[in-house]
Amino acid sequence: MGLRTVFRRAAAVRHDETAVRDQSRSLLTSLPGEWLVIDSHSHPLAASPGIEAFGIMRAGELASADLGHLAAETQSDRQARSRELMVGGIEFGAPPRRVRVRSACLDDGAVVLFVDDISAAGRVDEMRRDFIANVSDELKAPVDAISALAGEMQGAVGDARALSDLATRMESEANQLSALVSDLTDLSRLQASDALDHARSVLVGNLVDEAIDSVSRPASEHAITIVQDVPEIHFIANPEQVVTALRNLLTNAIMYSPAGSRVDVSASTREGFVEIAVADQGVGIPEGQLERIFERFHRVDAERSRHTGGTGLGLAIVQHICLAHGGSVSVQSEVGRGSLFTMRFPARGHTRESSAAEWKEVP
């Protein structure tokens, strides 16, 4: 074989290797997520554009010893691996994140690391665990109380007055348990469906009338007068959910207002939104509590909520309904003077009757 033939074949081999590297880079670039290729000394050879945002590399080197160990293990036995790690942090110029890293060894000994950010999934899992723990605690209180009262009733046989008192207390705990289960069911149902799947053109006044009718009994029992000032406004919404949100706001206003006071319900349109407001003359909310008022199970006054039968879920449900419609809810309050809750819904179709199909075409 002549030298010319040898050089020609060598050039062809080099050309093939370059083509393979180009094809490999093209394949990596087309994959979702971030990736990093390092050599046998853990020096980066190539990386996706967003890899540095994870705080994985610093000054051209791996910023995490754990990643170096993962790469070394993969190189030693050429076996693919998957591991969850914490990367980034203030010292790396990136927020701390939990990532899932999958490693694979290439033919030339280099290692490719595929990096997926699972921080959001971790936060969701944490919220779910916290929610389950909170629900367990909330359910445990009335169940334990009912169990204790049942034991006391057994010891009070023959004492009609004591039995009557215990039965009244047991009924109160049962009502508290029923309200909690009802709110949990509502919240679960809201989260499982799209509010706008059942949206249609509605008249705000009709929704307000229905919500007020639903709280007429507690309003009468607490000598609360509900006054409404609602002009004729049409907009697209899920009527059942908006009534639920209004009922929750009215119930809170009634329960936290002094006897003989009034609750005002008003509506208006502003800057492309329909605003429905509920104002009371109640005890008000301390300024330090306003930021947490819409959290699940958060109570400004736990003892009073227990007495009034509050579950700590009413305002969380209101917020969920508003957000599901593309709107929001806000609160203004002053201790001793009352609170003003304002729900804002996109004013789609508020000037005329429209169908849900028409609304979906509106930007």
Side-chain angles (χ1 to χ4, degrees), residues 179 183 186 190 195 198-285 290 293-294 308-310 313-334 336-354:
D183 278 353
D186 284 345
L190 289 169
H198 302 286
R200 59 182 175 84
S201 180
V202 294
L203 185 63
V204 175
N206 291 342
L207 304 182
V208 171
D209 288 340
E210 185 176 346
I212 291 177
D213 286 343
S214 69
V215 298
S216 58
R217 180 175 177 180
S220 176
E221 292 174 347
H222 289 78
I224 301 294
T225 301
I226 301 178
V227 179
Q228 61 169 298
D229 179 16
V230 180
E232 185 171 329
I233 300 174
H234 287 91
F235 75 116
I236 299 296
N238 182 313
E240 180 184 353
Q241 291 192 12
V242 176
V243 169
T244 296
L246 262 172
R247 181 172 61 246
N248 286 356
L249 291 181
L250 288 170
T251 298
N252 278 2
I254 291 168
M255 294 302 175
Y256 291 95
S257 295
S261 63
R262 60 184 265 176
V263 172
D264 291 277
V265 184
S266 60
S268 61
T269 57
R270 180 183 303 179
E271 299 177 351
F273 284 86
V274 173
E275 296 188 348
I276 306 175
V278 176
D280 63 53
Q281 301 170 333
V283 297
I285 304 166
L290 291 176
I293 196 67
F294 296 104
T308 60
L313 286 173
L315 292 179
I317 290 174
V318 171
Q319 184 182 58
H320 184 91
I321 290 172
C322 292
L323 293 176
H325 281 77
S328 62
V329 59
S330 60
V331 58
Q332 296 175 306
S333 188
E334 186 176 343
R337 301 195 63 178
S339 303
L340 169 65
F341 286 86
T342 303
M343 297 187 295
R344 304 177 79 234
F345 300 95
R348 305 180 180 100
H350 74 276
T351 58
R352 62 182 176 84
E353 289 284 344
S354 314

Under 3.5 Å, is there a donor-acceptor pair between the side chain of [X] and the main chain of [Y]?
X	Y	result
Gln241	Ile321	no
His320	Ala316	no
Asn248	Gly314	yes
Thr251	Arg247	yes
Ser261	Ser257	no
Ser333	Gly338	yes

- Task: Begin from the C-alpha positions of Leu246 and Ile276 and carry the test side chain to side chain contact (heavy atoms under 4.5 Å, CB included) through to its verdict.
- Result: CA-CA 9 Å; Leu246 262 172; Ile276 306 175; 3.8 Å; yes
If you define the side chain from C-beta out and look only at heavy atoms, does anything of [X] sit under 4.5 Å from [Y]?
X	Y	answer
Ile236	Arg200	no
Val331	Phe294	yes
Thr244	Ile317	yes
Val265	Val227	no
Leu340	Val278	no
Leu315	Leu249	yes
Val242	Val202	no
Arg337	Gln281	no

- Query: Taking atom CD of Glu271 as the centre, does the number of heavy atoms from other residues, nucleotides or ligands within less than 6.0 Å exceed 12?
  - Reply: no
- Message: Within a 6.0 Å radius of atom CD on Gln228, are there more than 12 heavy atoms belonging to other residues, nucleotides or ligands?
- Response: yes
Can you tell me how far the [atom1] atom of [X] sits from the [atom2] atom of [Y], to the nearest 0.5 Å?
X	Y	atom1	atom2	value
Ser216	Leu250	OG	CG	11.0 Å
Ser266	Asp229	OG	CG	6.5 Å
Phe235	Thr269	CZ	OG1	11.5 Å
His222	Tyr256	NE2	OH	10.5 Å
Arg262	Ile224	CZ	CD1	11.5 Å
Arg270	Arg344	CZ	CZ	8.0 Å

- Walk me through it: do Leu203 and Glu232 pass the test side chain to side chain contact (heavy atoms under 4.5 Å, CB included)? CA-CA 7 Å; Leu203 185 63; Glu232 185 171 329; 3.5 Å; yes
- Validation row, ring centre Phe273 to ring centre Phe345 under 6.0 Å: no
I need the minimum non-hydrogen distance between [X] and [Y], along with the two atoms involved.
X	Y	result
Pro258	Gly282	CD-CA, 3.9 Å
Pro218	Ile254	O-CG2, 3.7 Å
Ile233	Ala267	CD1-C, 4.2 Å

- Passes side chain to side chain contact (heavy atoms under 4.5 Å, CB included), Ile226 versus Asp264? Steps please. CA-CA 6 Å; Ile226 301 178; Asp264 291 277; over 6 Å; no
- Task: Apply side chain to side chain contact (heavy atoms under 4.5 Å, CB included) to Val329 and Thr342, showing your working.
- Result: CA-CA 6 Å; Val329 59; Thr342 303; over 6 Å; no
